[in-house]
Q: 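Shown below is the structure under consideration.
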Amino acid sequence: MNMVSKLKEILSEYEGLVAKIDKEADLMNLKAQFLGKSGKVTEILKGLKDIGPDERREVGPLANEVKEKIAHLTDSRLAHLEKSAIDKQLSDERIDITLRDKTKYDQPRHGGYHPRTLIQQEIEDVFLSMGFEILDGPHIEDEFHNFEALNIPGDHPARDMQDTFWFHQEPNEHGKRHLLRTHTSTIQVRGMMAKKPPFRFIAPGIVFRCERTDASHEMVFTQLEGMMVGKDISVSNLIYFMKQLLTQIFKKEVEVRLRPGFFPFVEPGFELDIRCLICNGSGCSVCKQVGWVELLPCGMVHPNVLKSGGIDPNEWNGFAFGLGLDRLVMMKYGIDDIRHLQSGDLRFNSQFSTY
Ligand code: PHE
């Protein structure tokens with residue numbers, strides 16, 4: 001057989017073999033058998049020196065062409081093998097996220113209430129039964145409702161950029177800048193303006209502080225404001241309502257202590273602490289190792305605040321409190337990190353569901 005037809009035969013042999021290869025190593029072996037040191041094509045090239053110049057002129061370029069074709073066939077087979085390996089992996093490892101895990105849920109799951117909602121509803125019931133109304137207010141406020149009307153002067157540290165999220169926006173028609181409310185006490189102002197004394201209301205809602213997060217601090221958390229305005233309201237009225245609240249929530253005697261506390265909008269002002277229910281007072285990350293948790297700032301409404309709300313402080317007085325709902329949830333359920341509450345993790349949330 002002459003060299004030309006031999007080369008053609010070699011090429012068609014390679015074409016036949018390469019199409020059956022399905023492993024990269026086999027492919028490399030096959031290629032070596034044709035193009036390697038003593039491969040079939042190489043052998044032919046070696047023989048070129050023994051043939052006449054006319055034949056060599058024909059065989060030489062053809063041998064190179066066959067060599068290139070074999071190299072090309074090898075590359076495309078390799079690319080094909082790599083692609084099918086990836087396709088196989090993708091189809092083997094495909095996860096159908098819409099598929100329910102039958103071992104866990106043999107019927108659709110019910111939604112449930114977040115523990116904070118559960119506590120909020122409980123507290124609302126307690127206060128409704130004591131003649132309080134429930135009020136609401138906007139999250140975006142201005143510095144009048146959040147600070148000025150609450151007797152917080154312009155240089156108070158609570159106004160520091162660290163604490164407050166301000167809006168970079170034109171002030172409103174009264175020249176007041178906008179902010180995200182830092183407390184629900186804004187609703188004290190709105191309540192006083194909307195109502196005629198005597199009145200009593202609570203106002204639950206989320207508030208915002210530009211603070212670092214840790215086990216007991218979140219930038220967005222929930223407060224429940226309370227206010228009672230009437231004639232001759234005293235600190236003992238305040239203590240009575242707070243005790244009512246705590247016994248109902250914890251369904252047991254909770255140890256409390258009152259410390260003087262400063263808030264520009266109350267005078268006198270107090271901090272009501274409860275004995276930490278996570279560690280029973282021995283010290284943990286929630287109570288910052290002191291055994292007590294600050295739960296409830298409160299006090300007698302400052303006369304300036306009554307005045308800003310259009311109420312005559314010579315005729316009326318009252319108390320106000322701001323309960324941190326997240327802390328209360330943590331105490332009630334023994335949760336040691338406030339960040340769980342915002343996590344949206346169903347494994348966490350579903351533990352409190354009443355269904
Ligand atoms: N608004 C205060 C705060 O967020 C709490 C508070 C409310 C204190 C009512 C006294 C009376 O820190």
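Every number for a ligand or one of its atoms is a count from 1 in the order of the listing. Only heavy atoms go into these numbers, but all of them, side chains included; no hydrogens, no water, no symmetry mates.
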Q: Considering only protein heavy atoms, which is closest to atom 11 (C) of ligand 1, and at what distance to one decimal place?
A: Ala320 O, 3.6 Å
Q: Should you measure from each heavy atom of Cys298, which atoms of ligand 1 turn up under 4.0 Å away?
A: 10 (C), 11 (C)
Q: For the residue pair His302 and Phe265, is the inter-centroid distance of their aromatic rings smaller than 6.0 Å?
A: no
Q: Once the angle between the rings of His340 and Phe348 is folded into 0 to 90°, is it parallel (under 30°), tilted (30 to 60°) or perpendicular (over 60°)?
A: parallel
Q: If the cut-off is 4.0 Å to any non-hydrogen atom of Glu225, which atoms of ligand 1 fall inside it?
A: 7 (C), 9 (C)
Q: Ignoring hydrogens and angles, state whether a donor on the side chain of Gln342 or Arg116 is under 3.5 Å from an acceptor on the partner side chain.
A: yes
Q: Flag the pair Phe34 / Tyr14 as yes when their ring centroid distance falls below 6.0 Å, and as no otherwise.
A: yes
Q: Do the charged groups of Glu15 and Lys69 touch, with an N to O distance under 4.0 Å?
A: no
Q: Atom 2 (C) of ligand 1: which protein heavy atom is closest, and how many Å away?
A: Phe265 CZ, 3.6 Å
Q: Could you identify the single nearest non-hydrogen protein atom to atom 5 (C) of ligand 1 and state the distance to 0.1 Å?
A: Pro297 CG, 3.6 Å
Q: Output yes when the distance from some N or O of ligand 1 to some N or O of Arg209 is under 3.5 Å, and no in every other case.
A: yes
Q: Using a 3.5 Å cut-off on N or O atoms only, is Gln223 in polar contact with ligand 1?
A: yes
Q: Purely on distance, is any nitrogen or oxygen of His183 under 3.5 Å from one on ligand 1?
A: yes
Q: Strictly under 6.0 Å, is that where the ring centroids of Tyr113 and Phe352 end up?
A: no
Q: Judged by modelled atom types alone, do His217 and Glu211 share a side-chain donor-acceptor pair under 3.5 Å?
A: no
Q: Can you sort out which atoms of ligand 1 are near Gly322, meaning under 4.0 Å from one of its heavy atoms?
A: 6 (C), 7 (C), 9 (C)
Q: What atoms in ligand 1 come closer than 4.0 Å to a heavy atom of Phe263?
A: 8 (C), 12 (O)
Q: Short list, please: which atoms of ligand 1 are under 4.0 Å from a heavy atom of Gln188?
A: 9 (C)
Q: Quick one about Ser5 and Asn2 (side-chain donor to acceptor, distance below 3.5 Å, no hydrogens or angles considered), yes or no?
A: yes
